[in-house]
Amino acid sequence: MNTWSIDDARELYGIQRWGNGYFDINSDGEAAVLLRDGEKSVSVSLQKIIDGLRERGSAMPQLLRFRDLLDRRIEHLNESFLSAIKATKYRGNYQGVYPIKVNQQQQVIEEITDFGKKYHYGLEAGSKPELIAALAYMHDPNAFLICNGYKDTEFIDLALRATQMGLRVILVLEMPGELPAIIERSNTLGIRPELGIRFRLSTKSEGHWAESGGDRSVFGLNSSQLIDAVDLLKDAGFLDCLKLFHYHQGSQLPNIRAIREAATEAVRVFVNLAQEGAPMEILDMGGGLAVDYDGTHSNAASSCNYSLTEYASNLIEVVQHHCDAAQLPHPTLVTESGRAVVAHYSVLVFNILDVTRFSHPDCPEPPSPECHEMVHNLWDIRNRIQPNNLQVCFNDALFYRDQVRDLFRHGVINLRERSLAEKIYWHLCTQIAEQTQKLDHVPDDLQTLESNLIDFYYANFSVFQSLPDSWAIQQLFPIMPIHRLDTEPTQRAILADITCDCDGKVDRFIHRDTISTFLQVHEKLPGEEYNIAAFLVGAYQETLGDLHNLLGDPHVVSVGLEDGELTYTHEVEGDSVADVLSYVEYDPRELEKRFRSFAERAVRKGTISASQRKSIMQAYKTGLNGYTYYEDE
Ligand SMILES: *Cc1c(COP(=O)(O)O)cnc(C)c1O
């Protein structure tokens, strides 16, 4: 009797908890994204999107981008601050900036500068290349262009020229050593800069990036360096240029209490800088606004115990309180929220190529009478399995299986017989594991049994290329099948990617409201393309990804709605084999030449015919121009 419903699937994968109203499961049992089409919000099946791409001849894996979600995140961030400002009667503005490093793709910067215009939403550049990109896109004279990172003369000059052209470019001091260069370049070019100072808070935060804050952080000035800088600015006649105070506590801050504590320390410094005589008008509170990847709304590393509205009102209250106490005007607030703006934007979809089963619910063939008695002994265990003797049955199964392996080593039985014995053994384990679910207390030996029965699902993507944080810092991403969700997923699996690296796997998943070592999946049907998606991958993953095993960028496409119709735009073809080989300094033409002369020698030796050489060369060239991932024509 199948009582499985779509609500059960929602509950199992937690899609409504982490989906934030952007993702859900539709009545056909397919994962869906909710996109705006004019005034309407329309549910679009991810499987239908993939079907459309498949019809167009595009291969898996695919990185889907939803510009509508990016726009809604920008809107949500800005509106949250604006309404918190209203509610608290704060007398300053909010004017956020997007930190380019979180997703530097041209399309993202274009969309952010375009859609963000109505909020005077700006950009944060942490390096010369980022500044150069920003200057081509950000031309709003009211938005900030905040320059963090280490600055050489070239960087400083560019920023000053942009100031001269009417942009609000703010040079933020990261190191004391930068100040003399900035003063010198400003004097030489005769341009008054807008300056900021980055402070190293002593308040420690939590989560993966705890070290980005605190005394030992590598970024920013400590309090004595800060005072030195103020004195230097005074002496050089530049104190009137110092307008912004900046701190960055680290990324993915799960706990609102730590955020409040850091803000408190920061505002106190801000107030003091104003009291030193600097015209402080902007308080830049950095990044750190977290994404609730696991949907638990807790202070776990992959979650956060606050909403965006709570984040905004907490920051505003702290600033308001301390500025009022010091009788200072309320500053313009800036956050450099990156992750929270772009994470929802991208979804990676990949197909399952193959499965290795460990669980064997189906009973194997009985051993023939000629089989060794040890195989028969193993077979007989199956009739004895009862909830009250599971431990004994498991011990026996293990014992006879090892006996069979010994017999094989000694040449007594053949591989065919051994294979049958192993099959029977896994079947017994499956049955025993099933029975343990009925027990109140599971014996230690049997607790690990279940984890040994988890299948491998071989997934057509590279963890190193597309989910690097899952490998590098064990970050959790929501992952689930995108179809067949109206039927119960009966298998437990970990995902193995197609790199030949034993770290190339995902084995941490959201499972109801906990984290599990397996993903509940459907049995892969013969001839069916079984598709799985990793969600909330828009932040950091694309450019942190690397070419391990020379697996390149996947295909990328932007998906939207226009008059009720799906639109596929901004398609970027993934790397070809020739592309990735040239990244590691091979010349594709040279490769072809070398292989061709090898083939020609084979023709001369008579190993292959001349016409065979033709088709072999064709295959080589097709391979060179093809996708780096597994292609099924
Ligand atoms: C990385 C970084 C950010 C972005 O942080 P998120 O946690 O993604 O919001 C902001 N500011 C600075 C200085 C950064 O280095």
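First listed ligand is number 1; within each ligand, the first listed atom is number 1. Start at 1 with the first residue, then count along the sequence. We use all heavy atoms of the structure for the numbers below, so side chains are in, but hydrogens, waters and symmetry mates are not.
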> Is there a donor-acceptor contact under 3.5 Å linking the side chains of Asp294 and Ser302?
Replying inline: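 A pair is found: one side chain offers a donor N or O, the other an acceptor, under 3.5 Å apart.
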Can you produce the list of protein nitrogen or oxygen atoms under 3.5 Å from a nitrogen or oxygen of ligand 1, alongside each distance?
{"residue": "ligand 1", "atom": "5 (O)", "partner": "Tyr540", "partner atom": "OH", "Å": "3.4"}
{"residue": "ligand 1", "atom": "7 (O)", "partner": "Ser251", "partner atom": "OG", "Å": "2.5"}
{"residue": "ligand 1", "atom": "7 (O)", "partner": "Gly288", "partner atom": "N", "Å": "3.0"}
{"residue": "ligand 1", "atom": "8 (O)", "partner": "Arg339", "partner atom": "N", "Å": "2.9"}
{"residue": "ligand 1", "atom": "8 (O)", "partner": "Tyr540", "partner atom": "OH", "Å": "2.6"}
{"residue": "ligand 1", "atom": "9 (O)", "partner": "Gly288", "partner atom": "N", "Å": "3.3"}
{"residue": "ligand 1", "atom": "9 (O)", "partner": "Glu336", "partner atom": "O", "Å": "3.4"}
{"residue": "ligand 1", "atom": "9 (O)", "partner": "Gly338", "partner atom": "N", "Å": "2.7"}
{"residue": "ligand 1", "atom": "11 (N)", "partner": "Glu336", "partner atom": "OE1", "Å": "2.5"}
{"residue": "ligand 1", "atom": "15 (O)", "partner": "Lys101", "partner atom": "NZ", "Å": "2.6"}

> Quick check: are there more than 12 heavy atoms from other residues, nucleotides or ligands sitting under 6.0 Å from CD of Glu154?
Replying inline: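 12 or below, so no.
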>> Using modelled atom types and a 3.5 Å cut-off, is there a donor and acceptor pairing between side-chain atoms of His555 and backbone atoms of Gly574?
In response: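 Between the backbone of Gly574 and the side chain of His555 there is a qualifying donor-acceptor contact (under 3.5 Å).
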>> Using the rule side chain to side chain contact (heavy atoms under 4.5 Å, CB included), only one of Arg185, Glu174, Met175 pairs with Lys151; which is it?
In response: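 One option only clears the test, and that one is Glu174.
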> Knowing that exactly one of Trp18, Tyr13, Tyr293 qualifies, which makes a ring pair (Phe, Tyr, Trp, His ring centres under 6.0 Å) with Phe477?
Replying inline: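 With Phe477 as partner, Trp18, Tyr13, Tyr293 yield a single ring pair (Phe, Tyr, Trp, His ring centres under 6.0 Å), made by Tyr293.
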>> The criterion is ring pair (Phe, Tyr, Trp, His ring centres under 6.0 Å); which residues satisfy it with His330, sequence neighbours excluded?
In response: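 With sequence neighbours excluded, His330 shows a ring pair (Phe, Tyr, Trp, His ring centres under 6.0 Å) to Tyr90, given in chain and number order.
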